[in-house]
Undergrad: 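Pasting a structure below so you can have a look.
Note that ligands are numbered from 1 as they come in the structure, with each ligand's atoms numbered from 1 the same way.
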Amino acid sequence: MISQGVKDMLKDRTAIITGSTSGIGLGIAETLAAAGATVMLNGFGDAVRIEEIRRNLAERHGVRVAYSGADLSKPAEVRLMVEQTAAELGAVDILVNNAGIQHVASIGEFPDDKWDAILAINLSVAFHAIKAVVPGMQERRWGRIVNIASAHGLVASTGKAAYVAAKHGVVGLTKVVALELANDGVTCNAICPGWVDTPLVERQVEAQAREAGMAVDQVRDELLREKQPMLAFTTPEEIGALAVFLCSDAAATMTGTALPIDGGWTAQ
Ligand code: NAD
């Protein structure tokens, strides 16, 4: 298991992971908790299921885990989530901007409200959250900001105007924050996954299978073949392991990077 060998690496560090009730965010929460971090979960979902996730993480890893139901589309709630974390768990040392949504349509048909929502959740939330945590990180002279961008932060695909624009924006934001905080003990990096098997991708696969009258497994195969030389999905825990590395002392001078973890997608 990836998390073995990093136990206690992040002991005494408090981390917020946005959108951690599902998929990649949950994988990152799991891996950070396994490394000893105190964790603030966030995201939508069934309250009973979320409480189960919270308790399970805390018990298995012996760390404190809390939950914020902040709707990140509202900047005031982003700030409240940061305040709630400081009050319940301690000052924020690690911020993982992970929450994201997707909509696929060609540019002429792209709905205005989907454009606004994708830019808000996938890009503006990172700005508001970073702005809220940075003064404290600078004061304590330690901080790690990890933005979950995408291969689509580096290259484009058809049908994803808002997502590609937002993710390229996240990579740009990452670089500016890295430069501004270069001598403050705070690093800011972006992770750029290719295909990761999560509910977000499942929804795209099911929609495509319905439209094309194809089997779900066949669509999954074709998604990989179209983009990834390595015909395998990355797991949320593998993304989590990269996030833990970026939070470690070994990565103290890594900043402003956009790291692909994409089965060769962006090597082409
Ligand atoms: P997911 O749908 O499984 O999870 C998204 C999370 O964001 C959920 O916890 C959801 O509740 C939360 N969320 C959505 N809107 C929110 C809001 N307004 N307020 C609070 N929480 C909100 O998706 P995922 O595949 O795990 O994606 C996570 C991140 O990784 C996204 O930024 C996505 O763009 C990125 N990414 C995913 C893939 C992939 O193949 N799955 C590839 C590259 C990048």
Side-chain angles (χ1 to χ4, degrees), residues 16-31 39-47 49-50 53-54 67-82 84 95-104 113-114 116-126 128-129 146-157 160 162-171 173-174 190-207 220 223-224 226-228 230 232-240 242-243 258-263 265-266:
I16 296 179
I17 305 108
T18 67
S20 44
T21 52
S22 159
I24 294 174
L26 183 52
I28 294 173
E30 175 79 41
T31 326
V39 165
M40 176 57 90
L41 297 169
N42 158 260
F44 297 145
D46 173 64
R49 167 87 186 112
I50 291 171
I53 291 173
R54 191 201 65 74
Y67 167 70
S68 157
D71 175 353
L72 304 176
S73 64
K74 301 179 177 123
E77 295 201 20
V78 178
R79 289 188 286 273
L80 273 177
M81 175 182 66
V82 172
Q84 185 195 337
L95 169 67
V96 182
N97 285 306
N98 165 78
I101 53 174
Q102 175 64 285
H103 184 80
V104 182
D113 61 336
K114 295 286 186 199
D116 290 342
I118 289 173
L119 268 285
I121 303 298
N122 296 26
L123 177 57
S124 298
V125 170
H128 293 297
V146 179
N147 297 321
I148 306 305
S150 167
H152 284 123
L154 302 170
V155 295
S157 294
K160 297 186 175 174
Y163 189 82
V164 170
K167 294 299 189 182
H168 275 67
V170 168
V171 170
L173 173 66
T174 301
I191 293 178
C192 300
W195 289 120
V196 186
D197 205 358
T198 70
L200 179 139
V201 168
E202 244 358 89
R203 287 189 289 274
Q204 286 178 65
V205 167
E206 280 162 15
R220 284 163 62 88
L223 275 186
L224 289 174
E226 188 195 352
K227 297 287 182 186
Q228 280 198 197
M230 191 180 287
F233 285 90
T234 302
T235 65
E237 288 71 23
E238 286 163 346
I239 309 283
L242 183 50
L259 297 169
I261 173 165
D262 66 359
W265 180 327
T266 54

Undergrad: Can you name the one residue among Asn147, Ile239, Ile24, Asn98 that meets side-chain contact (heavy atoms from CB on, under 4.5 Å) with Ile191?
TA: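 Of the listed options, the one satisfying the test is Ile239.
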Undergrad: How far is atom 11 (O) of ligand 1 from its nearest protein heavy atom, and which residue and atom is that?
TA: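 The answer is Phe44 N, 2.8 Å.
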Undergrad: Number the atoms of ligand 1 from 1 as they appear, then name those within less than 4.0 Å of a heavy atom of Ile121, with their elements.
TA: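 Here the atoms of ligand 1 in question are 18 (N).
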Undergrad: Give a yes or no on whether the backbone of Ile148 and the side-chain of Lys167 come within a donor-acceptor separation of less than 3.5 Å.
TA: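 Yes, the answer is positive, given that a donor and an acceptor are paired below the 3.5 Å cut-off.
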Undergrad: Stepwise, does the side chain to side chain contact (heavy atoms under 4.5 Å, CB included) test hold for Tyr67 with Ile53?
TA: CA-CA 10 Å; Tyr67 167 70; Ile53 291 173; over 6 Å; no
Undergrad: Just to be sure I read this right, does ligand 1 sit under 4.0 Å from the backbone of His152, its side chain, both, or neither, counting only heavy atoms?
TA: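 No part of His152 is near ligand 1 at this cut-off.
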Undergrad: Relative to atom 44 (C) of ligand 1, which among Ala29, Gly100, Ser22, Ala149 owns the nearest non-hydrogen atom?
TA: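 Nearest heavy atom to atom 44 (C) of ligand 1 lies in Ala149.
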Undergrad: Can you tell if the side chain of Glu238 reaches within under 4.5 Å of the side chain of Val196, non-hydrogen atoms only?
TA: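 No, their side chains stay 4.5 Å or more apart.
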Undergrad: Taking everything shown except Lys227 itself, do over 12 heavy atoms lie less than 6.0 Å from its NZ?
TA: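 Above 12, so yes.
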Undergrad: What protein heavy atom sits nearest atom 2 (O) of ligand 1, and how far off is it?
TA: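 In this structure, atom 2 (O) of ligand 1 has Arg203 NH2, 3.0 Å as its nearest protein heavy atom.
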Undergrad: Short list, please: which atoms of ligand 1 are under 4.0 Å from a heavy atom of Gly43?
TA: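 Per the distance check, 11 (O), 21 (N).
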Undergrad: Any idea which atoms of ligand 1 are less than 4.0 Å away from a heavy-atom of Ile24?
TA: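 Reading through ligand 1 atom by atom, the close ones are 26 (O), 30 (O), 36 (N), 37 (C), 38 (C).
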Undergrad: Among Trp265, Tyr163, Trp195, which one has a heavy atom closest to atom 35 (C) of ligand 1?
TA: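 Going through Trp265, Tyr163, Trp195 one by one, Tyr163 has the nearest heavy atom to atom 35 (C) of ligand 1.
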Undergrad: Which residue and non-hydrogen atom of the protein lie closest to atom 23 (O) of ligand 1, and at what distance in Å?
TA: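 Ranked first by proximity to atom 23 (O) of ligand 1 is Leu200 CB, 3.2 Å.
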Undergrad: Which of the numbered atoms in ligand 1 are under 4.0 angstrom from any heavy atom belonging to Asp71?
TA: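 In order of number, 17 (C), 18 (N), 19 (N).
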Undergrad: Under a heavy-atom criterion of less than 4.0 Å, does Ala70 contact ligand 1?
TA: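 Yes, Ala70 has a heavy atom closer than 4.0 Å to ligand 1.
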Undergrad: Considering only protein heavy atoms, which is closest to atom 14 (C) of ligand 1, and at what distance to one decimal place?
TA: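 Protein heavy atom with the smallest distance to atom 14 (C) of ligand 1: Ile101 CG2, 4.0 Å.
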Undergrad: To the nearest 0.5 Å, tell me how far Leu72 CG sits from Ile121 CD1.
TA: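 Reported to 0.5 Å precision, the distance equals 6.0 Å.
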Undergrad: Could you check atom 9 (O) of ligand 1 against the protein and tell me its nearest heavy-atom contact, residue, atom and distance included?
TA: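 Nearest protein contact, heavy atoms only, for atom 9 (O) of ligand 1 is Thr21 OG1, 2.8 Å.
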Undergrad: Which is it for Arg220 and Gln204 under the side chain to side chain contact (heavy atoms under 4.5 Å, CB included) test, yes or no, and what are the steps along the way?
TA: CA-CA 10 Å; Arg220 284 163 62 88; Gln204 286 178 65; over 6 Å; no
Undergrad: Quick one: which of Leu72, Asn98, Thr198 has a heavy atom closest to atom 31 (C) of ligand 1?
TA: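 The option holding the nearest heavy atom is Asn98.
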Undergrad: Considering only protein heavy atoms, which is closest to atom 42 (C) of ligand 1, and at what distance to one decimal place?
TA: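 Ranking protein heavy atoms by distance from atom 42 (C) of ligand 1, first comes Gly194 O, 3.0 Å.
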Undergrad: Can you report which non-hydrogen protein atom sits closest to atom 43 (C) of ligand 1, along with the distance?
TA: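 The closest heavy atom on the protein side is Pro193 O, 3.3 Å.
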Undergrad: Test of understanding: given a 4.0 Å heavy-atom threshold, classify the contact between Lys167 and ligand 1 as side chain, backbone, both, or neither.
TA: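 Only the side chain of Lys167 comes within reach of ligand 1.
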Undergrad: Excluding sequence neighbours, so at least two apart, what forms ring pair (Phe, Tyr, Trp, His ring centres under 6.0 Å) with His128?
TA: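 Partners of His128 under the ring pair (Phe, Tyr, Trp, His ring centres under 6.0 Å) test: none.
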Undergrad: Got the closest protein heavy atom to atom 6 (C) of ligand 1, with its distance?
TA: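 The protein heavy atom lying closest is Gly19 O, 3.5 Å.
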Undergrad: Is the side chain of Thr21 donor-acceptor paired with the backbone N or O of Phe44 at a distance under 3.5 Å, no angle test?
TA: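 Pair found, side chain donor or acceptor close to backbone of Phe44.
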Undergrad: With the side chain counted from C-beta on, respond yes when Pro260 and Leu154 share a heavy-atom pair under 4.5 Å apart, and no when they do not.
TA: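 In short, these two side chains touch, coming nearer than 4.5 Å.
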Undergrad: Taking ring pair (Phe, Tyr, Trp, His ring centres under 6.0 Å) as the definition, give me every residue that meets it alongside Trp265, ordered by chain and number, with sequence neighbours left out.
TA: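 If we apply the ring pair (Phe, Tyr, Trp, His ring centres under 6.0 Å) test to Trp265, skipping adjacent residues, the hits are His152, Trp195.
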Undergrad: Quick one: does any side-chain atom of Asn97 pair with a main-chain N or O of Thr18 as donor and acceptor, under 3.5 Å?
TA: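 Looks like no, no N/O pair under 3.5 Å.
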Undergrad: For ligand 1, which atoms sit closer than 4.0 Å to a heavy atom of Asn42?
TA: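 Every atom of ligand 1 under 4.0 Å from some heavy atom of Asn42: 20 (C), 21 (N).
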Undergrad: Between Val104 and Lys160, is there a side-chain heavy-atom distance shorter than 4.5 Å?
TA: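 Counting from C-beta outward, Lys160 and Val104 do come under 4.5 Å.
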Undergrad: For ligand 1, is Ser73 a contact, meaning one of its heavy atoms is under 4.0 Å away?
TA: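 Right, Ser73 reaches ligand 1.
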Undergrad: Considering only heavy atoms of Val201, which atoms of ligand 1 have at least one such atom less than 4.0 Å away?
TA: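 Those atoms are 39 (C), 40 (O), 41 (N).
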Undergrad: Please identify which atoms of ligand 1 are closer than 4.0 Å to at least one heavy atom of Pro199.
TA: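 Near Pro199, the atoms of ligand 1 are 3 (O).
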Undergrad: Using a 4.0 Å cut-off to any heavy atom of Ala99, which atoms of ligand 1 qualify?
TA: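 Every atom of ligand 1 under 4.0 Å from some heavy atom of Ala99: 7 (O), 32 (O).
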